[in-house]
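What follows is a set of notes on a single structure, which appears directly below.
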Amino acid sequence: MPPRLRKGLIVLSAVERLPNGRPAGYWLPEAAYPWRALKAMDWDFEFVSTSPGVPPVGGVDRSDPPQRMFLGDPLVRTRLERTTTADHKDPADFEVVFVAGGHGAVLDLPGDKRLSDFLSAFHLRGGVIAAVCHGVAALLEVELPGGVPLVAGRRVTAFSAREEHAVGLGEVVPFFLDEVLTARGALYEAGDPLKRHVVRDGNLVTGQNPASALELTKVAMAIVGGREQLPVNWLRRAA
């Protein structure tokens with residue numbers, strides 16, 4: 001019997017539109033980069049969302065090789081079609097969980113108890129959680145034994161109120177991630193608006209914005225990979 005492949009999970013928002021009618025969906029590069037890294041290291045991958053079936057996608061840039069490969073990969077299409085909710089997954093099957101953003105993530109990820117429970121169990125097993133931009137919203141309702149928020153006392157970053165206003169959505173999102181994270185006891189850190197900023201606190205890795213997706217992926221895979229490193233040119237190599 002061939003050895004079992006190591007596996008990563010990618011969490012995607014299922015929100016199609018924001019309250020103002022603007023298209024939402026998961027932000028493609030924030031899913032494509034982790035997928036590409038997992039494939040480059042010969043790991044398997046699966047998807048979960050807050051609703052079963054193919055999640056809506058946004059932020060598409062077909063000039064970017066990892067995004068183009070993601071969209072054109074037959075196995076990705078099949079796995080997206082078979083996307084389930086988190087209660088259908090076993091935390092023991094995965095070593096790393098990536099949470100993609102997209103503005104819709106603040107609307108559906110925090111309220112999904114199935115996802116929050118999965119992430120809590122996964123964290124308690126010592127798994128690596130890597131959440132970027134609005135995907136950090138998935139951490140808001142994750143609790144440890146005793147009801148302590150996962151983020152309490154942890155260094156984290158996420159899309160800031162300043163950035164929300166900069167992109168014209170300050171009046172659309174239901175809350176600002178930096179404020180809610182701080183209210184839950186997180187040690188929130190922000191870099192320059194819309195510039196790369198990644199924070200690692202143990203097995204929790206967070207990225208501030210879309211510009212942070214690539215670095216977040218590399219940091220998370222360095223943690224779980226150990227001596228195994230991403231190959232040279234892993235972003236552009238054929239899957």
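What's counted below: heavy atoms across the whole structure, side chains too, no hydrogens, waters or symmetry copies.
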Is there side-chain contact between Val156 and Val199, with heavy atoms separated by less than 4.5 Å?
no
Kindly determine whether Leu194 and Phe159 satisfy side chain to side chain contact (heavy atoms under 4.5 Å, CB included), including the steps that lead there.
CA-CA 8 Å; Leu194 306 178; Phe159 209 69; 3.9 Å; yes
Keeping the roles fixed (side chain from Arg79, backbone from Phe45), state whether a donor-acceptor pair exists under 3.5 Å.
yes
Applying a strict under-4.5 Å side-chain criterion to I, L, V, M, F, W and Y, I'd like to know whether Val224 and Ile129 cluster together.
no
Ser116: side chain to side chain donor-acceptor pair (under 3.5 Å) partners, not counting sequence neighbours:
none
Taken to the nearest 0.5 Å, the spacing of Gln208 CD from Lys195 NZ works out to 11.5 Å
For Asp61, does its backbone N or O pair with a side-chain atom of Gln67 as donor and acceptor, under 3.5 Å?
yes
Donor + acceptor pair across side chains of Ser160, Asp178 (<3.5 Å)
no
Side chain proximity check, Val11 to Leu115, heavy atoms < 4.5 angstrom:
yes
Please examine the side chains of Leu144 and Leu124, heavy atoms only from C-beta on, and report whether any two atoms are closer than 4.5 Å.
yes
Mind checking whether Val132 and Tyr33 have side chains closer than 4.5 Å, heavy atoms only?
no
Would you mind telling me which of Leu204, Val99, Leu109 makes a side-chain contact (heavy atoms from CB on, under 4.5 Å) with Leu139?
Leu204
Do His134 and Glu30 pair up side chain to side chain, a donor and an acceptor below 3.5 Å, judged on atom types alone?
no
As an exercise, state the distance from CG of Leu12 to CH2 of Trp27, rounded to the nearest 0.5 Å.
14.0 Å
Over 60° means perpendicular and under 30° means parallel, so tell me whether Trp35 and Phe70 are parallel, tilted or perpendicular.
perpendicular
Is the backbone of Leu140 close enough, under 3.5 Å, to the side chain of Glu143 for a donor and an acceptor to pair up by distance?
no
In terms of hydrophobic clustering (I, L, V, M, F, W, Y; side-chain heavy atoms under 4.5 Å; direct or indirect links), are Ile223 and Leu214 co-clustered?
yes
Mind checking the CG-CZ spacing from Asp192 to Arg196? Nearest 0.5 Å is all I need.
12.0 Å
Passes side chain to side chain contact (heavy atoms under 4.5 Å, CB included), Leu230 versus Met41? Steps please.
CA-CA 6 Å; Leu230 284 166; Met41 293 178 68; 3.6 Å; yes
What I'd like to find out is whether the side chain of Arg154 reaches to under 4.5 Å of the side chain of Thr206, using heavy atoms alone.
no
Take Arg184 and Glu141, measure what side chain to side chain contact (heavy atoms under 4.5 Å, CB included) needs, and give me the verdict at the end.
CA-CA 9 Å; Arg184 280 165 170 69; Glu141 303 300 329; 2.7 Å; yes
Find out whether Arg125 and Phe94 are in side-chain contact, i.e. whether some heavy atom of one side chain is under 4.5 Å from a heavy atom of the other.
no
Do other residues, nucleotides or ligands put more than 12 heavy atoms under 6.0 Å from Arg22 CZ?
no
Can you check whether Arg62's main-chain N or O pairs, donor with acceptor, with Arg68's side chain at less than 3.5 Å?
yes
Contact check, side chains of Val205 and Val198, non-hydrogen atoms, under 4.5 Å
yes
Transitively linked via ILVMFWY side-chain contacts under 4.5 Å: Leu150 with Leu119?
yes
Do side-chain atoms of Thr83 reach the backbone of Val54 as a donor and acceptor pair under 3.5 angstrom?
no
Linked, directly or transitively: Leu177 and Leu216 (ILVMFWY side chains, under 4.5 Å)
no
With a 3.5 Å cut-off and no angle check, do the side chains of Asp117 and Ser120 form a donor-acceptor pair?
no
Side chains of Val76 and Phe47: does their closest heavy-atom pair fall under 4.5 Å?
yes
Count I, L, V, M, F, W, Y as connected when their side-chain heavy atoms are under 4.5 Å apart, and connections chain through other members. Are Phe98 and Leu5 then in the same cluster?
no
With a 4.0 Å cut-off, would you call Arg4 and Asp93 a salt bridge?
yes
Distance check, rounded to the nearest 0.5 Å: Lys89 atom NZ versus Lys7 atom NZ?
7.0 Å
